[in-house]
Amino acid sequence: MSTQTPAPAPAPVPAAAGRRAEDPIPHRIRAKASPRPGTWISAVVVVLVVLGLINFLITNPVFDWATVATYILDVKVVQGVGWTLLITVLSMVLGTVVALTAAIMRRSENPVLRGVSWAYIFVFRGTPVYTQLVFWGLFTVIVPKIALGIPFGPEWFSFSTRDYFPAFWAAVVGLGLNEGAYLAEIFRSGLNSVDKGQTEASKALGMSNGKILRRIIIPQAMRVIVPPLGNETIGMLKTTSLVLAVPFTLDLTFATNAIANKLYAPIPLLIVAAIWYLAITSVLMVGQYFLERYFGRGFDDRPGGVGPAKRSRQSAVNRAGTTPKDSLPEVEL
């Protein structure tokens with residue numbers, strides 16, 4: 001008859017110093033942040049300042065909010081908003097085309113193209129935009145006629161610049177060429193931000209320089225170009241207030257000034273113009289935000305690359321369809 005030896009009892013776990021063995025294990029420590037009275041004090045100060053500012057705006061009779069409400073949707077004002085937006089869009093389109101051309105010329109191996117691009121940027125960045133607009137307003141006086149023919153010989157045809165270059169187009173050309181000089185450096189920085197190895201790899205695949213620029217370089221450079229381009233667009237919107245130098249007299253600033261001179265009430269009409277500029281700027285900022293998100297897909301500015309940003313980067317790679325489904329294919333020997 002066999003006997004079984006009973007299993008030894010488990011040794012008791014020694015209790016931690018300062019705690020009895022029957023006490024439960026303490027939970028995770030919930031640390032509280034140290035109080036910061038400076039945050040509450042600054043918040044109270046800001047609230048008091050804002051309340052004082054609101055009271056000042058409401059009770060000051062100089063602002064004349066009744067006049068502001070009367071003319072905020074005036075026909076002349078709304079037409080001025082339309083002309084301002086049209087000048088802004090056309091000037092930015094012209095400036096973008098000129099800037100991209102100048103940036104590509106600056107990257108060219110041809111010294112003549114580089115010199116022409118540098119001279120254009122030097123002249124248009126080195127002179128005030130108001131002075132340039134005055135010159136473009138006097139373009140029909142400086143160049144009254146454009147003719148094509150043999151030098152010092154017969155003319156084939158000619159036309160008067162006054163018939164084809166009104167004040168509106170003078171304002172668009174003046175603002176567009178001035179903006180192109182600034183955007184050229186932005187575009188050049190964006191193009192230089194793309195690694196040169198991608199150009200070399202594309203050439204190894206037999207792609208032409210134009211195709212490399214369109215399909216490889218510019219799409220990646222847009223991530224760097226879009227934020228300052230949005231800022232320049234907002235700046236262009238406000239720079240249109242200087243087209244009076246051409247002179248062009250249908251923009252928002254001139255329309256509100258004309259009404260103010262008629263009513264002898266400059267401050268309420270300045271508020272009308274400011275409200276419209278703020279509204280348009282807000283819309284442009286929203287558009288800039290979505291453009292930055294679109295061209296920034298697959299990139300993460302935060303350190304670590306964790307969370308949704310990391311997943312979005314991988315999803316962008318998957319959507320590109322450049323990675324094989326079987327990353328480790330079998331090799332037959």
Side-chain angles (χ1 to χ4, degrees), residues 88-129 131-133 135-136 138-139 142-143 145-153 155-159 161 164-165 169-233 235-236 239 291 295-296 299:
T88 301
V89 172
L90 293 179
S91 300
M92 287 304 300
V93 170
L94 176 61
T96 301
V97 173
V98 173
L100 183 58
T101 304
I104 295 174
M105 291 170 64
R106 285 290 299 272
R107 290 163 50 91
S108 174
E109 298 178 358
N110 190 331
V112 177
L113 295 180
R114 292 200 306 269
V116 171
S117 176
W118 179 87
Y120 160 72
I121 295 173
F122 173 76
V123 172
F124 282 87
R125 287 179 63 189
T127 54
V129 60
T131 305
Q132 296 176 30
L133 289 174
F135 270 102
W136 285 110
L138 297 173
F139 181 78
I142 300 172
V143 185
K145 183 179 69 172
I146 296 179
L148 180 62
I150 300 175
F152 307 104
E155 296 180 358
W156 295 337
F157 70 90
S158 63
F159 60 90
T161 56
Y164 298 95
F165 200 70
W169 289 111
V172 171
V173 171
L175 292 176
L177 291 180
N178 176 266
E179 186 64 29
Y182 290 91
L183 290 179
E185 293 301 297
I186 295 175
F187 274 73
R188 188 171 65 90
S189 300
L191 296 176
N192 290 338
S193 66
V194 181
D195 188 74
K196 294 182 179 179
Q198 301 201 30
T199 302
E200 298 173 356
S202 302
K203 288 183 178 179
L205 294 175
M207 299 176 65
S208 61
N209 291 331
K211 196 170 186 179
I212 293 172
L213 193 64
R214 294 192 311 269
R215 302 291 298 274
I216 305 298
I217 305 300
I218 293 181
Q220 297 183 71
M222 290 301 294
R223 182 177 62 91
V224 179
I225 293 173
V226 165
L229 181 62
N231 295 336
E232 290 294 325
T233 304
M236 174 62 71
T239 307
L291 278 177
F295 286 106
F299 294 90

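These numbers come from the heavy atoms of this one structure, side chains and all, not from hydrogens, waters or symmetry mates. Keep in mind the model is a prediction, meaning the values are calculated, not measured.
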Task: R188 vs E185, side-chain contact (heavy atoms from CB on, under 4.5 Å): CA-CA, chis, key distance, verdict - done: CA-CA 5 Å; R188 188 171 65 90; E185 293 301 297; 2.8 Å; yes
Open item on the list: Surrounding CZ of R114 (heavy atoms of other residues, nucleotides or ligands, distance under 6.0 Å), is the total greater than 12?
Closed with: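 More than 12 heavy atoms, drawn from other residues, nucleotides or ligands, come within 6.0 Å of this atom.
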Quick one: closest heavy-atom pair of [X] and [Y], and the distance?
X: I146; Y: V143; answer: CG1-CG1, 3.9 Å
X: I121; Y: A181; answer: CG2-O, 3.9 Å
X: Q132; Y: V123; answer: NE2-O, 4.5 Å
X: A221; Y: G190; answer: CB-O, 3.2 Å
X: T233; Y: T88; answer: O-CG2, 4.1 Å
X: G180; Y: A99; answer: O-CB, 3.4 Å

- [ ] Might you work through the side-chain contact (heavy atoms from CB on, under 4.5 Å) test for F187 and T96, ending with a clear yes or no?
- [x] CA-CA 9 Å; F187 274 73; T96 301; 3.7 Å; yes
Open item on the list: Test side-chain contact (heavy atoms from CB on, under 4.5 Å) on V173 and F139; report intermediate values, then the result.
Closed with: CA-CA 11 Å; V173 171; F139 181 78; over 6 Å; no
At what distance, to the nearest 0.5 angstrom, does [atom1] of [X] lie from [atom2] of [Y]?
X: K203; Y: I212; atom1: NZ; atom2: CD1; value: 6.0 Å
X: S208; Y: R215; atom1: OG; atom2: CZ; value: 10.5 Å
X: W136; Y: L175; atom1: CH2; atom2: CG; value: 11.5 Å
X: I225; Y: S189; atom1: CD1; atom2: OG; value: 8.5 Å
X: I217; Y: K196; atom1: CD1; atom2: NZ; value: 11.0 Å
X: L229; Y: M236; atom1: CG; atom2: CE; value: 10.5 Å

pair [X]-[Y]: side-chain heavy atoms closer than 4.5 Å:
X: F295; Y: L291; result: yes
X: L100; Y: I104; result: yes
X: W169; Y: Y164; result: no

Open item on the list: Under a plain distance cut-off of 3.5 Å, with no hydrogens placed, do N178 and R125 share a side-chain donor-acceptor pair?
Closed with: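 There is no such pair (donor and acceptor under 3.5 Å, judged by atom type) between the side chains of R125 and N178.
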Examine distances only and state if a side-chain atom of [X] and a backbone atom of [Y] form a donor-acceptor pair shorter than 3.5 Å.
X: T131; Y: T127; result: no
X: E179; Y: S91; result: no
X: S117; Y: L113; result: no
X: Q220; Y: I216; result: yes

TODO: Kindly assign one of parallel, tilted or perpendicular to the pair F124 and Y120, based on the angle between their ring planes and the thresholds 30° and 60°.
DONE: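 Ring orientation, 0 to 90° scale: tilted.
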Open item on the list: Working note: L191 + R107, criterion side-chain contact (heavy atoms from CB on, under 4.5 Å); need CA distance, chi angles, decisive distance, verdict.
Closed with: CA-CA 9 Å; L191 296 176; R107 290 163 50 91; 3.7 Å; yes
